[in-house]
J.: 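The structure follows.
It should be emphasised that the depicted structure is a prediction, and the values quoted were computed from it without experimental measurement.
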Number of protein chains: 2
Amino acid sequence: MISTRGSKRLIEPAPRAAASNPCAACAVRDLSVCGAIEPAHLDKLGAIVAHRKLGPGETLFFEGDRSDSLYIITEGCVRLHKTLADGRRQITGFLFPSDFLGLALRERYAYSAEAVEDVAVCRYPKNRLELLLDQFPAMERRLLAVASNELAAAQDQMLLLGRKTALERLASFLLILMCRMQLKGQKNRVLLPMTRTDIGDHLGLTIETVSRCLSQLKRDRVIRFITAQDVQVVDPQRLNGLAGADGEWMPATTI
Amino acid sequence: MISTRGSKRLIEPAPRAAASNPCAACAVRDLSVCGAIEPAHLDKLGAIVAHRKLGPGETLFFEGDRSDSLYIITEGCVRLHKTLADGRRQITGFLFPSDFLGLALRERYAYSAEAVEDVAVCRYPKNRLELLLDQFPAMERRLLAVASNELAAAQDQMLLLGRKTALERLASFLLILMCRMQLKGQKNRVLLPMTRTDIGDHLGLTIETVSRCLSQLKRDRVIRFITAQDVQVVDPQRLNGLAGADGEWMPATTI
DNA sequence: GCATCGAATTGACGCAGATCAAGGCATCGG
DNA sequence: CCGATGCCTTGATCTGCGTCAATTCGATGC
């Protein structure tokens, strides 16, 4: 039952130099969504932002590090994870462009954050951000809303980990990614930039079980592999049914 | 693997009449902790509070209900849970006096909330609370902090559900409750107002496995049963070790 | 005291998913 | 082109926990 094997860590590649980032404007917009922030304030947000790029496997911060920044992903996929002393790992979530990271106003980060692939982030120093929050309460309301959504997602994940079968877990996972792709205009498509090991550590399964379930979904013509990381959802309806038939978010437009 | 049996619902007892609540002042203080709120503002908080009492098994709200209130528990234990169509249930958390409930500023509740035993809550209507939040940004900062802590707890629970063994789950659970009791001045004592079924549905286990693990902890002289719901932790050190030896919160004073 | 009933415990057995093991299949450097 | 290296897939076997079933315990009412 104890599986450390699925969680071998890679040697971290050397950090890359930070580069100027063309996505800055987009990240600033994210932090100010709802139209609650005026152009003048937008400038102030832009003034405190810094940029960073990471290569595959590189760490943004470690669990337990002093949390001094809030990040927004502008490019690539980031995994968040907690690890037990013996190496067992739980990936608590994958982040994609426009996602927030480290918004907990806590002393220390509760998880590590690593780049799954090439990643770009916007960084907002917490002390300077808090000054801005004092000036613009609407921004704080927005952060609370983001935290609420994360909390709801965490509860869905608890239901998945505590009560769903392996196949239901895979179906739920694919469904969530499919819905995100849908928002970006990609219909019935799922990209899996993370490894099978990562997926297993996210769903509380081993790499073999992940592979077997994906194969089963393929055999049953629910999904089709373009490549091992590029999946087409042939039958979204059935995928939704396999996901456990709770109130899983399945917008009508995707069916 | 699919266990609906562990999740039989009770018929709800008849709701009780709301009664005037002597704990109001305490709840208002909770919402304003950090000293950031002045006495005059405290009055305004007290002015919008309402009280409610629930009997064992009674529901405060259902998953999917329009979320119109924020609650603070002032007495008793509340369970939060999500349920799949076939009855499988995941209890995402247990709440105790001073805990917040429904602070998500979302359209609808993401889970149901039920009284485990006799419970008293303070209720703050959301629309009126938001007006207050606009006036006192410090309160909003406090809510964000509470949400951050909940998020961290949710991530610990994901690690537990995804990667810990049955015995580690029980040990972690007992440890968390022990630490809460410690804060109230009760050392090395754990009260379990919830049923074994509830514990199982929280830890992703069956009632039988919960019982077997508790028996093992008893056999190994780690805990001792005063009654089935009143446990003495004989060896906190070892309980901590059994919990999985991650950074699990184990204050030095409890050892 | 005794009957009742829900909750908890304990034992026997089965199964979903973990573990162990053996290829397959890209990608990359030479 | 070829060997090395990671990652993924698939098969055989094992095991921790779930399932089924039988008591036991404890609270409540009479």
Side-chain angles (χ1 to χ4, degrees), chain A residues 1-11 13 56-57 86-89 116-117 160-171 192-219 223 225-231 242 244, chain B residues 1-11 13 56-57 86-90 116-117 160-171 192-201 203-219 223 225-231 242 244:
Chain A
M1 166 79 5
I2 294 184
S3 147
T4 54
R5 182 181 47 108
S7 306
K8 292 169 199 149
R9 273 325 79 67
L10 301 167
I11 308 300
D86 59 11
R88 280 175 286 169
R89 181 177 71 153
V116 167
E117 50 186 342
L160 180 150
L161 291 170
R163 288 301 180 210
K164 289 190 180 180
T165 65
L167 195 62
E168 288 170 340
R169 294 181 199 199
L170 253 302
L192 302 171
M194 67 294 289
T195 66
R196 301 291 192 259
T197 304
D198 285 341
I199 298 175
D201 284 350
H202 182 48
L203 302 180
L205 302 169
T206 59
I207 179 175
E208 293 94 333
T209 300
V210 169
S211 188
R212 271 187 261 269
C213 289
L214 286 176
S215 294
Q216 182 179 340
L217 290 173
K218 182 178 72 175
R219 236 188 349 269
I223 61 174
F225 284 95
I226 313 299
T227 74
Q229 359 285 334
D230 187 353
V231 176
L242 290 171
Chain B
M1 199 348 89
I2 294 184
S3 146
T4 52
R5 184 181 45 106
S7 305
K8 291 169 200 148
R9 271 329 77 67
L10 301 167
I11 307 300
D86 59 11
R88 280 174 287 169
R89 180 177 73 152
Q90 178 65 34
V116 167
E117 49 186 343
L160 180 150
L161 291 170
R163 288 302 181 212
K164 289 190 180 178
T165 65
L167 194 62
E168 287 169 340
R169 294 181 200 199
L170 253 302
L192 302 171
M194 68 293 289
T195 65
R196 301 292 192 258
T197 304
D198 285 342
I199 298 175
D201 284 350
L203 302 180
L205 301 170
T206 59
I207 180 177
E208 292 93 335
T209 301
V210 169
S211 188
R212 271 186 262 269
C213 289
L214 287 176
S215 294
Q216 182 179 340
L217 290 173
K218 183 178 70 175
R219 236 188 347 270
I223 61 175
F225 283 94
I226 312 300
T227 73
Q229 0 284 334
D230 188 353
V231 176
L242 289 171

J.: Can you tell which of dA12(C), dA12(D), dC8(D) lies closest to the side chain of Gln229(A)?
T.: dC8(D)

J.: What is the distance, rounded to the nearest whole Å, between atom CZ of Arg88(B) and atom P of dT19(D)?
T.: 10 Å

J.: Rounded to the nearest Å, what distance is computed from the CG atom of residue Leu167(B) to the C1' atom of nucleotide dC17(D)?
T.: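 Atom-to-atom, Leu167(B) to dC17(D), this comes out as 13 Å.
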
J.: Between the base of dC8(D) and the side chain of Glu208(A), is one N or O donor paired with an acceptor at under 3.5 angstrom?
T.: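 Result: no qualifying N/O pair found.
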
J.: If only atom types and distance count, is the side chain of Asp86(A) paired as donor or acceptor with the main-chain N or O of Arg88(A) below 3.5 Å?
T.: yes

J.: Using modelled atom types only, decide if a donor and an acceptor are shared between the side chain of Arg196(A) and the backbone of Ser211(A) within a distance under 3.5 Å.
T.: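 Side chain of Arg196(A) to backbone of Ser211(A), a donor-acceptor pair under 3.5 Å: no, none is there.
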
J.: With a 4.0 Å cut-off on heavy atoms, is Gly204(B) in touch with a base, just the backbone sugar-phosphate, or nothing at all?
T.: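 Touches sugar-phosphate only.
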
J.: Is it the case that dT10(C) (base atoms only) and Arg196(B) (side chain only) share a donor and an acceptor within less than 3.5 Å, ignoring hydrogens and angles?
T.: no

J.: Could you check which of dA18(C), dT9(C), dG11(C) has an atom nearest any side-chain atom of Thr206(A)?
T.: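 The closest nucleotide is dA18(C).
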
J.: Taking CG from Leu214(A) and C1' from dT10(D), how many angstroms apart are they, rounded to a whole number?
T.: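 Whole-Å distance recorded here is 13 Å.
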
J.: Rounded to the Å, how far apart are Leu170(B) CG and dA8(C) P?
T.: 13 Å

J.: Between Thr209(B) and Cys213(A), which residue's closest nucleotide on DNA chain C lies nearer the 5′ terminus?
T.: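 Looking at the nearest nucleotide for each, Thr209(B) comes out on the 5' side.
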
J.: Can you tell me how far C1' of dC8(D) sits from CG of Leu192(A), to the nearest Å?
T.: 13 Å

J.: Would Leu203(A) and Leu170(A) satisfy side-chain contact (heavy atoms from CB on, under 4.5 Å), going step by step from the backbone distance to the final call?
T.: CA-CA 8 Å; Leu203(A) 302 180; Leu170(A) 253 302; 3.6 Å; yes

J.: Consider the side chain of Thr195(A), meaning its heavy atoms from C-beta on, and name the nucleotide among dA8(C), dC8(D), dT19(C) that approaches it most closely.
T.: dC8(D)

J.: Can you tell me how far P of dA8(C) sits from CD1 of Ile226(B), to the nearest Å?
T.: 17 Å

J.: Can you tell me how far P of dC17(D) sits from NZ of Lys164(B), to the nearest Å?
T.: 14 Å

J.: So what does Ser211(B) hit on the nucleic acid, given a heavy-atom distance under 4.0 Å: a base, only sugar-phosphate, or nothing?
T.: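 Base contact.
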
J.: Any side-chain heavy-atom pair from Asp230(B) and Leu192(B) closer than 4.5 angstrom?
T.: no

J.: Using the rule given for side-chain contact (heavy atoms from CB on, under 4.5 Å), can you reason through Asp201(A) versus Arg163(B), listing the C-alpha separation, both sets of side-chain angles and the distance that settles it, and then say yes or no?
T.: CA-CA 8 Å; Asp201(A) 284 350; Arg163(B) 288 302 181 212; 2.7 Å; yes

J.: Under 4.0 Å between a side-chain N or O of Thr197(A) and OP1 or OP2 of dC7(D)?
T.: no

J.: Do the side chain of Arg219(A) and the base of dT9(D) come within less than 3.5 angstrom through a donor-acceptor pair of N or O atoms?
T.: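 There is none.
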
J.: Give the nucleotide from the list dA12(D), dT10(C), dT9(C) with an atom nearest to the side chain of Phe225(B).
T.: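 The listed nucleotide nearest to Phe225(B)'s side chain is dT9(C).
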
J.: To the nearest Å, how far apart are Met194(B) CE and dA8(C) C1'?
T.: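 Nearest whole value for this atom pair: 15 Å.
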
J.: Look at the side chain of Arg169(A) and the base of dG17(C), then say whether one donor and one acceptor between them are separated by less than 3.5 Å.
T.: no

